[in-house]
Amino acid sequence: MQSARVHLVLPHDSLFSSDQREAKASVVLRLRHRTLSSDEAEAVANLVASAVDGLGPENVVLVDAAGGGLLGRRGADAALESREQEMAAKLVETLEPVAGPGNVRASVNLDYDPNSADELDETYDPAQTATLSMQRNEQNSGQPVASGIPGTASNAPNVKPPLYPAQNANQQNVKQESATYGVSKKTRHSIEAAGRVRRLTAAVLINYQRTGDGAQTRWQPRTPDEMKQLNDLAQLSIGFDASRGDQVTVAELAFDGDVAPPEPTRVQRVLVGAARWESLLRYGTILGALLLFLLLVARPVVRALTSAPLPAERQRIEQRKAHAQNVFEQVAESVRSDPAQSTRLLESWIRSE
């Protein structure tokens, strides 16, 4: 912050409540960085309100001296406006070292999404499968079957049965197999809070380039390559994203103040030089007056005392002469050693007279 000016409207008490007037204040701030956060604006408002009886922070208005409008505005869009001001200030701070101080103006608009989003996305890939579980079960079952020739021959003891082909019993084999397969699945859960930037637009105005000094001052447009570099710097400084439709426009136009300064006259040059050496001239004048006083007043007195010695008063005149000479030497030494203090003493002596 470079400077501040406070305008106060003091409270007015009245017997009638309708005629009472609350205290109000307006503060004009000249900022160094062209922006002021909400917390800083609130701190300034509280500081001013605490210095005046009956003044509340809500009745303190902060205004930008450079034409930036109200600072620290309260309301539903306060955060949005503060963010826009910060981004505009960032653009100016980025481009001014290239374009020159005071040659950049910027404005930023943000489009926020006030709604929040909660999204769950599941994706299946049938080309990729995996066996999750496998079960196999096998069972064998059967009963014995009678063989040989039915009748007496086959049932008599000690009788060798005839050689007939053996017959196998009826058997059943049961096999069961159970498997579980799964395909590849991807799950994505995303949560977006409110306040997401949907779109950003920025307008940047660049002044013509200044060449020459004095009466030879000229304002010329920049080359296309220089404007492209400024455009790229502007996009990088605020996070340009083409996928969401952001737009940044950098244009070059002549400002109203693009006029060559008039050649200063001789009187103006003398006044400027006098303003620069004002303090030196003041002390020099006082010191010269002190030296003139010593030369024109003190020294003749000393000479008068030493030029007319009387025989009866010779010893007393010599003493006065020595005393005056001593005083003169002390004053001269004091002026040489500390001229500033001597000038202040002379000023106080002149004012007392």
Side-chain angles (χ1 to χ4, degrees), residues 1-5 26-38 40-41 44 61-73 77 80-111 197 199-242 244-265 268-269 271-272 275-276:
M1 185 182 300
Q2 294 181 348
S3 62
R5 177 179 296 178
S26 61
V27 183
V28 182
L29 301 176
R30 187 174 299 277
L31 303 177
R32 189 181 304 275
H33 299 292
R34 301 178 183 268
T35 185
L36 197 66
S37 64
S38 300
E40 292 173 343
V44 173
V61 179
L62 307 182
V63 183
D64 186 5
L70 298 178
L71 299 173
R73 285 176 285 188
D77 298 335
L80 175 61
E81 294 173 357
S82 177
R83 179 58 177 164
E84 291 176 347
Q85 291 178 2
E86 290 177 0
M87 297 187 71
K90 192 174 183 180
L91 277 172
V92 174
E93 291 177 0
T94 303
L95 299 181
E96 269 194 346
V98 181
N103 292 331
V104 182
R105 301 291 186 273
S107 176
V108 178
N109 293 322
L110 296 176
D111 183 13
V197 177
R199 190 168 182 265
L200 179 148
T201 57
V204 182
L205 184 61
I206 306 295
N207 191 16
Y208 281 173
Q209 189 174 11
R210 178 178 177 177
T211 58
D213 294 325
Q216 304 298 326
T217 301
R218 297 291 183 271
W219 300 89
Q220 299 178 355
R222 293 174 172 81
T223 62
D225 292 339
E226 292 176 343
M227 292 302 300
K228 184 179 183 303
Q229 292 177 357
L230 293 174
N231 187 48
D232 295 340
L233 287 175
Q235 292 182 358
L236 292 174
S237 65
I238 60 176
F240 175 81
D241 189 358
R244 64 186 180 190
D246 293 352
Q247 184 177 1
V248 177
T249 302
V250 179
E252 185 181 27
L253 294 174
F255 287 6
D256 291 339
D258 293 352
V259 293
E263 189 71 19
T265 62
Q268 291 176 345
R269 290 197 295 267
L271 293 176
V272 171
R276 294 178 179 176

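These figures come from a predicted structure and were not determined experimentally.
A 6.0 Å sphere centred on CZ of Arg244 holds more than 12 heavy atoms belonging to other residues, nucleotides or ligands.
Looking at heavy atoms from C-beta onward, Trp219 lies in side-chain contact with Arg210 at the 4.5 angstrom threshold. Residues Asp241 and Leu200 are not in side-chain contact: their nearest non-hydrogen atoms beyond the backbone lie 4.5 Å or more apart.
Listed by first and then second residue, the salt bridge (Lys or Arg N to Asp or Glu O under 4.0 Å) pairs involving residues 231-240 are Lys228-Asp232 (not counting sequence neighbours).
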Inset, instruction - Using the side-chain contact (heavy atoms from CB on, under 4.5 Å) rule, take Val104 and Ile206 through it: C-alpha gap first, then chi angles, then the decisive distance, then the call. - result: CA-CA 5 Å; Val104 182; Ile206 306 295; 4.0 Å; yes
Inset, instruction - Test Leu95 against Leu230 for side-chain contact (heavy atoms from CB on, under 4.5 Å), laying out the working first. - result: CA-CA 7 Å; Leu95 299 181; Leu230 293 174; 4.1 Å; yes
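Taking both residues in full, the closest heavy atoms of Gln209 and Glu226 are given as OE1-OE1, 3.8 Å, listed atom of the first, atom of the second, then distance. The shortest non-hydrogen separation linking Gly102 to Phe255 is O-CE2, 3.6 Å. Annotation for Ser237 and Ala234: closest pair OG-O, 2.9 Å, computed over non-hydrogen atoms. The two residues Val248 and Phe240 have their closest heavy-atom pair at CG2-CD1, 3.7 Å. Across all their heavy atoms, Gly239 and Asp246 have their closest contact at O-OD2, 4.0 Å.
Scanning for side-chain contact (heavy atoms from CB on, under 4.5 Å) contacts around Glu84 gives Leu80, Asn109, Leu110, with sequence neighbours left out.
Between the CE atom in Met87 and the OG atom in Ser107 there is a gap of 11.5 Å [rounded to 0.5 Å]. Separation of atoms CD (Gln247) and CZ (Arg199) is listed at 5.5 Å; rounding is to 0.5 Å. The structure places CG of Leu205 at 10.0 Å from CG of Asn103, a figure rounded to the nearest 0.5 Å.
Remark: side-chain polar atoms of Glu252 are paired, donor with acceptor, to backbone N or O of Arg222 under 3.5 angstrom.
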